[in-house]
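All figures in this text were calculated on a predicted structure; none of them were measured in a lab. Just so you know, these numbers use all the heavy atoms, side chains as well, and skip hydrogens, waters and symmetry mates.
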Amino acid sequence: MSSQYNSGQNQQNIQSKTSLLIFLKGSVAPIVLYLENPKAVYEDIKELLKNTEAPKMIELEAIGPLKKVSLSTAEISGLALQEEKYVVGNQG
């Protein structure tokens with residue numbers, strides 16, 4: 001029975017994807033965005049947050065369940081990058 005789990009027929013491919021988490025003031029759960037280049041967007045937003053002169057409105061287009069988000073930098077309390085692992089099984 002244990003050989004069944006070690007055979008090549010049940011071999012699975014583990015992949016990872018990175019999402020951008022945006023934490024908003026007054027909200028418990030973050031906005032989770034799947035983007036083409038989440039690290040670059042993270043750096044861009046981080047630079048906008050360093051500028052405290054005036055809040056900026058930003059619009060992000062994502063590839064996950066949320067397709068487009070617009071928000072003010074004044075409402076952002078934090079950012080994070082999250083790596084998620086998922087399994088892609090054999091097709092055949």
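Atoms NZ and CG, from Lys46 and Leu79 in turn, are 9.0 Å apart once rounded to the nearest 0.5 Å. The structure places CD of Glu47 at 10.5 Å from OH of Tyr42, a figure rounded to the nearest 0.5 Å. Rounded to the nearest 0.5 Å, atoms CD1 (Ile22) and CG (Leu20) are 4.5 Å apart. For the atom pair CD (Gln82) and NZ (Lys17), the distance works out to 10.0 Å, reported to the nearest 0.5 Å. Rounded to the nearest 0.5 Å, atoms NZ (Lys39) and CG (Asp44) are 14.5 Å apart.
The backbone N or O of Ala74 lies less than 3.5 Å from a partner atom in the side chain of Lys25, making a donor-acceptor pair. A donor-acceptor pair is defined here as one N or O able to donate and one able to accept, closer than 3.5 Å; such a pair exists between the side chain of Thr73 and the backbone of Lys56. The backbone N or O of Phe23 lies less than 3.5 Å from a partner atom in the side chain of Ser77, making a donor-acceptor pair.
For the pair Ile45 and Leu60, the minimum side-chain heavy-atom distance is below 4.5 Å. The shortest side-chain heavy-atom distance between Val32 and Leu66 does not fall under the 4.5 Å cut-off.
Ion pairing between a basic and an acidic side chain is recognised when a charged N comes within 4.0 Å of a carboxylate O; Lys68 and Glu61 show such pairing.
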Worksheet item: Are Leu21 and Leu81 close enough, and set up right, to give a side chain to side chain contact (heavy atoms under 4.5 Å, CB included), and what steps lead you there?
Response: CA-CA 6 Å; Leu21 280 63; Leu81 289 172; over 6 Å; no

Discussion item. Run the side chain to side chain contact (heavy atoms under 4.5 Å, CB included) test on Ile63 and Leu35 for me, step by step, so that the C-alpha distance in whole Å, both residues' side-chain angles and the decisive distance to 0.1 Å come before the verdict.
Written reply: CA-CA 6 Å; Ile63 55 177; Leu35 305 158; 5.7 Å; no

Fill in: Verdict with supporting geometry, Ile31 and Leu71, side chain to side chain contact (heavy atoms under 4.5 Å, CB included)
CA-CA 11 Å; Ile31 296 173; Leu71 49 97; 4.0 Å; yes

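Linking Ile, Leu, Val, Met, Phe, Trp and Tyr residues whenever their side-chain heavy atoms come within less than 4.5 Å leaves Tyr34 and Ile58 in two separate clusters.
Chaining together hydrophobic side chains whose heavy atoms lie under 4.5 Å apart leaves Met57 on its own.
Glu84 and Ser19 form a side-chain donor-acceptor contact under 3.5 Å, judged by distance and modelled atom types alone.
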